[in-house]
Amino acid sequence: AGNVHARLHALDVADVGDWRLGEYQQVIGEDIGWITFMVPEIGRRLERLWQPIARRLEAANSMRHVFCHGDFVPGQLLCGGNGLAVTDFDLARRGVDLQEVAKWIASLKYHVPMLVNAVRTDPASATELLRAAERAYLAGYERQSGRTIDERDLNAFVAAAEIHYLAVW
């Protein structure tokens with residue numbers, strides 16, 4: 001999946017919209033608002049944690065923008081006898097690849113049945129399974145893209161994606 005995702009980011013696709021950091025930060029802020037409404041003590045903690053995360057995202061925003069799927073999660077990959085196919089490009093745009101890489105990582109526990117089941121039945125062992133899945137994905141992505149991902153930048157985007165998933169759930 002990481003290999004496919006890096007190849008997708010390398011495509012030169014014209015006439016797609018641009019991802020905007022300010023809009024993304026606004027959505028995460030609204031997510032924190034919903035979490036605060038539902039569970040005030042968690043929301044207040046997230047509000048305090050959000051500021052340093054937002055600053056890291058601002059620094060990462062200066063990275064080169066690439067073609068992004070827009071909603072690249074495991075369910076967007078079809079696996080068949082002839083290989084993999086990527087579906088559902090309705091949210092495609094140019095943006096920071098790390099935002100999309102982070103969404104993939106955050107989505108694993110919600111979209112991969114084996115990992116969903118592990119999280120529900122044995123959270124302690126699920127953590128190691130999730131880390132192994134993340135490492136495998138990142139290894140494929142870095143190998144295909146020829147770049148090493150900065151863990152601090154990636155973690156800021158993963159935190160934002162986790163906040164979004166928390167608000168959705």
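Bear in mind that the values here come from a model prediction, so they are computed numbers and not experimental data.
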Aromatic ring proximity, centroids under 6.0 angstrom, W169 and Y110: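 So the answer is yes for these two rings.
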Output field: ring centroids F67/H9 closer than 6.0 Å: no
CD/E41: more than 12 non-hydrogen atoms of other groups inside 6.0 Å: yes
Residue pair R131, E128: steps toward the salt bridge (Lys or Arg N to Asp or Glu O under 4.0 Å) verdict: CA-CA 5 Å; R131 298 300 169 255; E128 186 49 41; over 6 Å; no
Which heavy atom of [X] sits nearest a heavy atom of [Y], and at what distance?
| X | Y | value |
| --- | --- | --- |
| V116 | H111 | CG2-N, 4.0 Å |
| V96 | C68 | O-SG, 4.1 Å |
| E142 | I149 | OE2-N, 2.8 Å |
| A133 | L108 | CB-CD1, 3.9 Å |
| A106 | A161 | CB-CB, 3.7 Å |
| F72 | A1 | CE2-O, 4.4 Å |

Cluster check [X], [Y]: I/L/V/M/F/W/Y, side chain < 4.5 angstrom:
| X | Y | result |
| --- | --- | --- |
| W34 | V27 | no |
| L84 | Y141 | yes |
| F157 | V73 | no |
| V101 | Y165 | no |
| V16 | L91 | no |

D71 and K103 ion-paired at < 4.0 Å: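 A salt bridge links D71 with K103.
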Derivation of the side-chain contact (heavy atoms from CB on, under 4.5 Å) call for D31 and L166: CA-CA 8 Å; D31 290 338; L166 181 59; over 6 Å; no
Just list the side-chain donor-acceptor pairs under 3.5 Å for residues 46-63, sequence neighbours left out, or say none.
residue: E47; atom: OE2; partner: T36; partner atom: OG1; Å: 3.3
residue: R56; atom: NH1; partner: D153; partner atom: OD1; Å: 3.0
residue: S62; atom: OG; partner: A59; partner atom: O; Å: 2.9

Chi angles and distances behind the side-chain contact (heavy atoms from CB on, under 4.5 Å) call for D97, R147: CA-CA 12 Å; D97 59 352; R147 69 179 273 238; 2.4 Å; yes
Audit row: K109, E162, side-chain contact (heavy atoms from CB on, under 4.5 Å) steps and yes/no: CA-CA 11 Å; K109 67 180 127 317; E162 292 286 1; 2.8 Å; yes
Gap separating the CZ atom of R143 from the CG atom of L138, nearest 0.5 angstrom: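 If we round to the nearest 0.5 Å, R143:CZ and L138:CG are 11.0 Å apart.
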Interatomic spacing from CG in L98 to CD in E151 - rounded to 0.5 Å: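 Taking CG in L98 and CD in E151, the distance rounds to 11.5 Å.
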Whether H5 and Y137 hold their rings parallel, tilted or perpendicular, with breakpoints at 30° and 60°: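 Geometry flag for Y137 against H5: tilted rings.
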H69 and E100 side chains, donor-acceptor separation under 3.5 Å: no
Contacts of Q144 that satisfy side-chain contact (heavy atoms from CB on, under 4.5 Å) - sequence neighbours left out: N3, A6, R7
